[in-house]
There are 2 protein chains.
Amino acid sequence: MISKKAKYAIHALVKLARDREKGPILISEISKEGHIPQKFLEAILLDLKRAGILNSKKGKGGGYYLIKKPEEVNMADVLRLFDGALALLPCVTYKYYERCEECTDELTCGIRRVMQQVRDETVRILKDSTLATVLASEKSTYKEQ
Amino acid sequence: MISKKAKYAIHALVKLARDREKGPILISEISKEGHIPQKFLEAILLDLKRAGILNSKKGKGGGYYLIKKPEEVNMADVLRLFDGALALLPCVTYKYYERCEECTDELTCGIRRVMQQVRDETVRILKDSTLATVLASEKSTYKEQ
DNA sequence: TATAAAGTCTATCGGATTTATAGAGTATTA
DNA sequence: TAATACTCTATAAATCCGATAGACTTTATA
């Protein structure tokens, strides 16, 4: 399961992508529409700003807006930003790699191989799915489930 | 990431499958070999016993042993037993289903669709991978990575 | 039948993480 | 220059995780 933080982040991003023609969007609006606690959301948006995905404008008429193209923001990056590694085991990540004490030989470890597969597929799907594809898929109501 | 509990469980199961001809295996042996805290491991093995995967024998010459066939114990079931749902969001699980407040229409929610895909692939891989396949893959040293 | 071996059960613990809130402070712009 | 809106720091409650302690029960076998 992903954290609420990550989930809120994705929902906020999708909204910002959807409304990106409208100029800066108020935190309070995102918060209300998405039922996301406002103060919590503030911290999340700041993180996304630091990550170079959003920017904000202060003062009257201010708010947050997307600075990356929707097709450039993929789910893998967002999830990693908030929840760290996507893999199920530390020994199949590169950024958070850690050897497993329990396993004698990593090269032949059967458990690791399975988890490696899961990670590869997960990353593939999440990389392919961007704000653009998510928005597009919202529009087509009848979908191959 | 999966919990240590789940990771320990899998390692213990793989060992029990590997040594299943030797009769009951001592908790202390599994603990030592896998560098798993013994008391913690006891609780894990009890859970696996309650789940009908292992059985135990008390007294001298006792220990734990597999009662399911290695090809019947798959990773999806084990992970679910210890960590709950495999999905990344509550709205794409059936056993732990929970509606997302943030989303207006679940049927058209683009985020949900992505997470659904990830879940389907993850479950597919984990279901296909059993103690038997893990053991088999350990034996073949040179592997398509 | 005593006793040692081995699993079972209950309780508890500290620490980390997660989720969330409060409030003061700062920058911006109409 | 006031209203608006973002930023920062602190904190707190709740939950979860990993681990340990210790008393208890069952069983094999000498």
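Every chain is numbered from 1 and lettered A, B, ... according to where its sequence line falls, protein lines coming before strand lines. Here the structure is a predicted model, which is why all the values come from computation and not from measurement.
- Distance, A:F82 CZ to C:dT17 P: 17 Å, rounded to whole Å.
- With a heavy-atom cut-off of 4.0 Å to chain A, the contacted part of DNA chain D has its first and last nucleotide at D:dT4 to D:dC8.
- B:E71 pairs by the side chain to side chain donor-acceptor pair (under 3.5 Å) definition with nothing, not counting sequence neighbours.
- Rounded to whole angstrom, the span from the CG atom of A:N55 across to the C1' atom of C:dA27 amounts to 14 Å.
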Test log, rule side chain to side chain contact (heavy atoms under 4.5 Å, CB included), inputs A:L126 and A:T122 = CA-CA 6 Å; A:L126 292 178; A:T122 302; 3.7 Å; yes

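- Mapped onto DNA chain D by nearest heavy atom, A:S56 and B:S3 fall at different nucleotides, with A:S56 at the one closer to the 5' end.
- Here the P atom of nucleotide C:dT28 and the OH atom of A:Y64 are 13 Å apart, to the nearest Å.
- Among all heavy-atom pairs drawn from A:N74 and A:K127, the shortest one is CB-O, 3.4 Å.
- The distance from the CE atom of A:M75 to the CD1 atom of A:I125 is 13.0 Å, given to the nearest 0.5 Å.
- Taking the side chain to side chain contact (heavy atoms under 4.5 Å, CB included) definition, one finds that A:K4 meets it with A:Y8, sequence neighbours left out.
- The side chain to side chain contact (heavy atoms under 4.5 Å, CB included) test applied to A:P70 returns A:R20, A:L66, A:L131, A:A132, not counting sequence neighbours.
- Taking a 4.0 Å limit (strictly below) on heavy-atom distances, residues 36-54 of chain A reaches DNA chain C at A:P37, A:K39, A:F40.
- Contact annotation: B:S28 side-chain N/O to C:dA6 OP1/OP2 distance is not under 4.0 Å.
- Every residue was checked against the ring pair (Phe, Tyr, Trp, His ring centres under 6.0 Å) condition with A:Y64, not counting sequence neighbours, and none meets it.
- Under the 3.5 Å distance criterion, the side-chain polar atoms of B:D83 are matched with a main-chain donor or acceptor of B:S3.
- Both A:G59 and A:Y8 sit near DNA chain C, but only A:Y8 has its closest nucleotide nearer the 5' end.
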